[in-house]
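Report on the following structure.
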Amino acid sequence: MLYALCIIIFLAHLVCFAQHSPVDIWAGTEVKKHVMLTPYIAEGEKNPCVIVCPGGSYFWHDTENEGIKVAEWLQQNGISAFVLNYRTAYVPAFIFRTRLVVRGNQYPDPQKDLQQAIRLIKDHATLYGIDTTKVGAMGFSAGGHLVMSVAEEFDTPRSRPAFVAPIYPVVSFTADCTHKRSRRGLLGEYRKRKTKYREALSLEKHVPNDCPPVFLVNCIDDPIVDYRNSVLLDSALTAQGVKHKYIQYATGGHGFGASDDKGTPECRRWKEEFLKWMKSMMN
């Protein structure tokens with residue numbers, strides 16, 4: 001009877017974790033939220049894995065350009081990917097400032113979602129054909145802030161990413177180059193004003209010397225997130241002796257993701273550079 005039950009559970013997992021079939025990362029836990037994780041599994045065994053966190057100022061997601069297209073590109077290059085639909089404040093909170101009345105989604109909800117996604121993937125690594133020591137995260141804009149914040153601080157070793165790739169990331173919540181919309185998106189209408197939270201979520205101020213390796217990219221002509229955000233992070237990583245690669249392009253702007261036509265030919269080289277970096281990391 002017990003053997004039959006195990007078979008049923010295993011088959012249920014196979015269905016649940018089918019290619020491109022979203023998984024609710026909080027199902028079966030005490031967290032009463034529905035946060036979806038969509039797998040794009042590469043062929044083979046013991047593959048590296050990247051959790052993809054689209055940007056959107058912590059208010060929404062650029063799911064297509066900074067999510068699906070990124071995951072498909074990684075999958076095609078032998079890297080399993082998962083698109084994480086982490087909790088954001090969403091459009092009503094942006095327009096109507098609803099969090100003046102109700103809590104809604106705000107810090108640390110996105111961070112908890114990413115950490116849970118890392119744990120879930122590691123727990124089912126055999127099913128996915130993934131190497132548990134090679135589970136990292138890539139984020140764009142506010143998603144870049146998310147992956148870097150979890151690289152700096154995680155609740156257990158099991159939720160620590162092996163590497164992170166913040167692409168044109170939001171970094172500081174205190175400097176002149178702060179992206180204020182992302183700060184409001186993450187902290188809410190009240191805590192965005194509090195120095196304690198601004199300081200705590202300014203990534204350049206909290207890089208540990210045992211931070212996972214970082215692949216960092218941005219463009220000087222970025223009109224949305226001031227390029228100095230990445231400069232601050234690069235300086236902090238260098239000061240702490242953290243293994244990282246920083247590529248600063250002159251042109252490309254913001255929001256190009258894995259697109260083949262957005263941005264410029266110069267900035268779109270970041271994908272090739274990331275694959276090279278990953279290969280060097282895996283050897």
Side-chain angles (χ1 to χ4, degrees), residues 48-55 66 70 73-74 77 79 81-82 84 86 110-111 114-115 117-118 121-122 131-155 157 159-173 175 177 179 182 186 200-220 222 225-249 252 254 256-258 267 269-283:
C49 163
V50 173
I51 301 172
V52 181
C53 299
E66 296 175 348
V70 175
W73 157 66
L74 290 168
N77 284 277
I79 300 171
F82 295 78
L84 178 63
Y86 60 89
Q111 283 70 22
L114 178 52
Q115 291 177 77
I118 294 171
I121 291 168
K122 288 181 178 179
D131 187 335
T132 57
T133 67
K134 299 174 182 177
V135 179
M138 174 183 290
F140 299 80
S141 195
H145 183 277
L146 172 57
V147 302
M148 192 66 215
S149 66
V150 170
E152 292 184 354
E153 185 175 357
F154 41 87
D155 54 7
S159 64
R160 181 184 190 270
F163 58 87
V164 292
I167 312 299
Y168 43 83
V170 173
V171 172
S172 185
F173 280 1
C177 58
H179 188 245
S182 292
L186 182 60
L201 275 301
S202 289
L203 305 180
E204 77 277 15
K205 299 184 178 185
H206 303 287
V207 174
N209 55 21
D210 62 346
C211 181
V214 177
F215 179 87
L216 174 63
V217 169
N218 77 324
C219 303
I220 293 177
D222 190 327
V225 176
D226 192 307
Y227 79 94
R228 291 176 294 170
N229 277 266
S230 290
V231 173
L232 287 171
L233 181 56
D234 172 55
S235 296
L237 292 166
T238 300
Q240 290 290 69
V242 175
K243 185 177 181 180
H244 72 289
K245 183 178 182 66
Y246 175 37
I247 303 175
Q248 183 188 85
Y249 295 115
H254 191 85
F256 44 85
C267 77
R269 295 203 303 264
W270 80 268
K271 292 187 289 183
E272 179 183 344
E273 293 295 335
F274 176 76
L275 294 176
K276 289 179 182 176
W277 183 77
M278 278 290 291
K279 187 175 181 179
S280 69
M281 288 284 297
M282 299 301 106
N283 292 336

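All heavy atoms count here, side chains included; hydrogens, waters and symmetry mates do not.
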- Item | Counterpart residues, side-chain hydrogen bond (donor to acceptor under 3.5 Å, both in side chains), relative to D155 (two or more places apart) | R119, S159
- Note on the structure: For Y227, the ring pair (Phe, Tyr, Trp, His ring centres under 6.0 Å) test, sequence neighbours excluded, returns none
- side-chain contact (heavy atoms from CB on, under 4.5 Å) involving K279 - partner list, sequence neighbours excluded: N283
- Item | Q115 side-chain N/O to F154 backbone N/O, donor-acceptor pair under 3.5 Å | no
- Can you list the residues that meet the side-chain hydrogen bond (donor to acceptor under 3.5 Å, both in side chains) rule with H254, with sequence neighbours excluded? S141, D222
- Task: Going by the side chain to side chain contact (heavy atoms under 4.5 Å, CB included) test, name the single residue among L216, L201, L203 that passes it with V171.
- Result: L203
- Message: For K122, is the NZ atom crowded, meaning more than 12 foreign heavy atoms sit under 6.0 Å from it?
- Response: yes
- Task: For A239, enumerate each residue passing the side-chain contact (heavy atoms from CB on, under 4.5 Å) test, keeping only those at least two apart in sequence or located in another chain.
- Result: none
- Sorted by chain and residue number, the side-chain contact (heavy atoms from CB on, under 4.5 Å) partners of E153 (sequence neighbours excluded) come out as none
- Query: Quick one: are H244 and D234 in side-chain contact, heavy atoms under 4.5 Å?
  - Reply: yes
- Message: Rounded to the nearest 0.5 Å, what separates atom CE in M148 from atom SG in C53?
- Response: 13.5 Å
- Of V70, I79, V135, V147, the residue whose pairing with V50 passes side chain to side chain contact (heavy atoms under 4.5 Å, CB included): I79
- Note on the structure: Hits for side-chain hydrogen bond (donor to acceptor under 3.5 Å, both in side chains) against R228, two or more places apart or cross-chain, chain-then-number order -> D226
- Is the closest side-chain heavy-atom distance between C267 and Y168 below 4.5 Å? no
- Interatomic distance, F163 atom CZ to M278 atom CE [nearest 0.5 angstrom]: 3.5 Å
- Task: Check whether any side-chain heavy atom of Y246 sits under 4.5 Å from a side-chain heavy atom of L233, and report yes or no.
- Result: no
- Between N229 and C177, is there a donor-acceptor pair closer than 3.5 Å when you use the side chain of the first and the backbone of the second? yes
- For residues 133-152, the salt bridge (Lys or Arg N to Asp or Glu O under 4.0 Å) pairs (sequence neighbours left out) are D131-K134
- Query: With a 4.5 Å heavy-atom cut-off, do W277 and M281 have their side chains touching?
  - Reply: yes
- Note on the structure: Sorted by chain and number, sequence neighbours left out, side-chain hydrogen bond (donor to acceptor under 3.5 Å, both in side chains) with K271 holds for D260
- Student check: side-chain heavy atoms of V164 and M138 closer than 4.5 Å: no
- Message: I'd like to check the ring pair (Phe, Tyr, Trp, His ring centres under 6.0 Å) partners of F173; sequence neighbours left out, ordered by chain and number.
- Response: H145
- Task: Among residues two or more places apart or on two chains, list those pairs meeting salt bridge (Lys or Arg N to Asp or Glu O under 4.0 Å) that have a residue in residues 200-220.
- Result: E199-K205
- Hey, is the main chain of G257 close enough, under 3.5 Å, to the side chain of W270 for a donor-acceptor pair? yes
- Item | Considering all heavy atoms, the nearest L275-N77 contact | CD1-OD1, 3.4 Å
